[in-house]
Amino acid sequence: MSGLLRTVASRAAPVLRGPAVPLRANLHAGPGKEKFGTVETVIGLSLFSIAILGPSGWILAHLEDYKNRP
């Protein structure tokens, strides 16, 4: 019985798997199509810094309040 199951499974497995997935991603390296200006760069870096440092700054500024909670 196990031989029959092994035969059926070995023949059904490739059909159930479907097409093979390509191993390489479609990535292209190279310069961007448009250059970013200085203002765009400063705004982007500022917003990114605020998004990362803002919550941790809030926690550090209110650390005493968190310590005194019941």
Side-chain angles (χ1 to χ4, degrees):
M1 186 67 179
S2 66
L4 177 66
L5 277 173
R6 189 178 307 128
T7 304
V8 170
S10 67
R11 291 187 182 180
V15 175
L16 295 175
R17 275 192 201 120
V21 178
L23 296 177
R24 279 186 65 110
N26 293 326
L27 298 176
H28 300 281
K33 292 180 181 177
E34 298 179 13
K35 296 234 180 218
F36 290 114
T38 306
V39 175
E40 293 171 330
T41 304
V42 169
I43 291 173
L45 289 175
S46 300
L47 291 175
F48 187 72
S49 299
I50 290 170
I52 297 296
L53 298 175
S56 58
W58 175 269
I59 292 171
L60 288 174
H62 294 89
L63 196 57
E64 293 299 323
D65 297 337
Y66 293 130
K67 285 183 183 178
N68 295 332
R69 280 191 174 177

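Here the structure is a predicted model, which means the values were calculated and not measured.
Shown here for Thr41 and Phe36, the closest heavy-atom pair between the two residues is OG1-CB, 4.0 Å.
To the nearest 0.5 Å, the span separating CG on Leu60 from OH on Tyr66 amounts to 10.0 Å. The line from CZ of Arg69 to NE2 of His62 is 10.0 Å long, rounded to the nearest 0.5 Å. Expressed to the nearest 0.5 Å, how far CG of Leu53 lies from CD1 of Ile50 amounts to 9.0 Å.
By the 6.0 Å contact criterion, CZ on Phe48 is open, its count of non-hydrogen atoms from other residues, nucleotides or ligands being 12 or less.
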For this session: Start with the C-alpha gap between Glu40 and Ile43, add the side-chain angles, then the distance that decides, and say whether side-chain contact (heavy atoms from CB on, under 4.5 Å) holds.
Result: CA-CA 5 Å; Glu40 293 171 330; Ile43 291 173; 5.9 Å; no
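Both Leu47 and Val39 are members of a single hydrophobic cluster when ILVMFWY side chains are connected at heavy-atom separations under 4.5 Å.
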